[in-house]
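For reference, the structure discussed in these notes is given below.
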Amino acid sequence: MELSVRSTELHDCRDAFTETLMAIASENPDVIAVCNDSVGSSKLGAFRERWPERLVNVGIAEQNLVGVGAGLANGGKLPFVCAAACFLTGRALEQIKADVAYSDANVKLCGISSGVAYGELGPTHHSAEDFAWIRAIPNIAVVAPADRIETSAATEWSASFEGPVFLRISRVGVPDLFSEGHTFELGKADMLRDGSDLTIIANGTLTHRAISAAELLARRGVSARVLNLATVRPIDEDRIIAAALDTGAIVTCEEHTIFGGLGSAVAEVVVDHAPVPMKRLGIPGSFAPTGSASFLLDEFGMSPAGIAQSAMELLARKA
């Protein structure tokens, strides 16, 4: 299988999220949207117009936001708690841990504008630690869709899943990768391209860049497998182990610090089951500066050419 980027048109995954949320809400009167003065940034305007009584705006009070969501879940409602990922996770981590995870509340935490999507607003608004924080807490499924189609599928899945979910939803435009009708499966990686020389593993806004990097590598005679690992927890150990055994080297790419996120999660599986050379691409343990998301990803070596170059360097180590 050699999947390529399906279109050059870019889509904001928030649109797919809210469209799907409204479709779910139209069928299920228990769906409640909860936000923190973020109707606009969460794109909940149309939801509020249709169901004003089913949108709870707590204001800029993220700890209350999560607590209200947990209370609604305990009352039999299905809350989708929406906020900028940096504030949802950073300000309300204790409530996420105690009110949602420890209580196993059926709350869907929707981290909007994740990673470096806020770009020009700088380090206070970058959400480069959320994978690490949330995946360390038991009971929460951690999911980062790669395009609008997977975002829609993951949102639909989350509504049917009984238990806490963290959906990481970017505002950065990405092209379509999956076909319409794609089904999301928790804990299952998608092999978007097969390859034998090494594997590139990514999710979210980095998946299409990983595919482009694989295409650049193919022109240099390198066969790169590409895995889209949308679920960071629970992780697809079988696909990761198979990639390590089949290709002998792994590059990970993430819109997150290299500490505690996707790369670390993959490395934990690799070191336990099939040790091979690895390279983790991401934000290298520093505060990402101010700049557009595209500029920042390129600056940290995650342009398609940068990923391909890291793969070539890793292959030299493998040899």
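Only this structure's heavy atoms are used, side chains among them; waters, hydrogens and symmetry mates stay out. The chain is numbered in sequence order, starting from 1.
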Main chain of [Y], side chain of [X]: is a donor-acceptor contact present, judged purely on distance under 3.5 Å?
X	Y	result
Ser292	Phe295	yes
Arg135	Gly260	yes
Glu254	Gly263	yes
His256	Ala132	yes
His126	Ala117	no
Ser103	Ala105	no
Ser303	Gly306	yes
Asp147	Ile149	yes
Arg54	Val31	yes
Arg280	Ile258	yes

Under 6.0 Å from the ring centre and within 45 degrees of the ring axis: does the NZ or CZ of Arg91 meet both conditions for the six-membered ring of Phe87?
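Yes, cation above the ring, under 6.0 Å and within 45°.
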Would you say the side chains of Glu129 and Thr257 form a donor-acceptor pair under 3.5 Å?
no
Should the heavy atoms of other residues, nucleotides or ligands under 6.0 Å from [atom1] of [X] be counted, would the total exceed 12?
X	atom1	result
Glu53	CD	yes
Gln309	CD	yes
Glu120	CD	yes

[Y] and [X], any side-chain heavy atoms less than 4.5 Å apart:
X	Y	answer
Ile200	Arg225	no
Ser114	Ile169	no
Glu237	Val269	yes
Met278	Thr252	yes
Cys82	Phe17	yes
Glu150	Asn228	yes
Asn139	Ile137	no
Lys279	Glu313	no

Do Leu21 and Phe184 share a hydrophobic cluster (ILVMFWY, side-chain heavy atoms under 4.5 Å, transitive)?
yes
State plainly whether one hydrophobic cluster holds both Met191 and Leu262, where clusters connect Ile, Leu, Val, Met, Phe, Trp and Tyr through side-chain heavy atoms under 4.5 angstrom apart.
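Result: yes, single cluster for both.
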Between [X] and [Y], which heavy-atom pair has the shortest distance, and what is it?
X	Y	answer
Cys35	Leu55	SG-CD2, 4.2 Å
Ala85	Asp130	CB-OD2, 3.8 Å
Ala128	Ile283	CB-CD1, 3.6 Å
Val174	Cys13	CG2-SG, 3.8 Å
Ala274	Ala244	O-CB, 3.6 Å

Charged N to carboxylate O under 4.0 angstrom, [X] versus [Y]?
X	Y	result
Lys77	Asp30	yes
Glu19	Lys43	no
Arg171	Asp12	no
Arg148	Asp15	no
Asp298	Arg209	yes

Out of the candidates Asn57, Leu72, Val66, only one should pair with Val34 under the side-chain contact (heavy atoms from CB on, under 4.5 Å) rule; please name it.
Leu72
Do you know which of Ile241, Ile240, Leu245, Asp238 makes side-chain contact (heavy atoms from CB on, under 4.5 Å) with His273?
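When side-chain contact (heavy atoms from CB on, under 4.5 Å) is applied between His273 and each of Ile241, Ile240, Leu245, Asp238, only Ile241 qualifies.
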Run the side chain to side chain donor-acceptor pair (under 3.5 Å) test on Ser152 and Thr20 for me, step by step, so that the C-alpha distance in whole Å, both residues' side-chain angles and the decisive distance to 0.1 Å come before the verdict.
CA-CA 6 Å; Ser152 180; Thr20 306; 2.7 Å; yes
Going through the checks in order, is the side chain to side chain donor-acceptor pair (under 3.5 Å) test met by Asp197 and Ser223?
CA-CA 5 Å; Asp197 293 327; Ser223 174; 4.8 Å; no
The test is side-chain contact (heavy atoms from CB on, under 4.5 Å); show your working for Leu227 and Asp190 and say whether it passes.
CA-CA 6 Å; Leu227 294 183; Asp190 297 291; over 6 Å; no
Apply side-chain contact (heavy atoms from CB on, under 4.5 Å) to Val116 and Tyr118, showing your working.
CA-CA 6 Å; Val116 294; Tyr118 276 123; over 6 Å; no
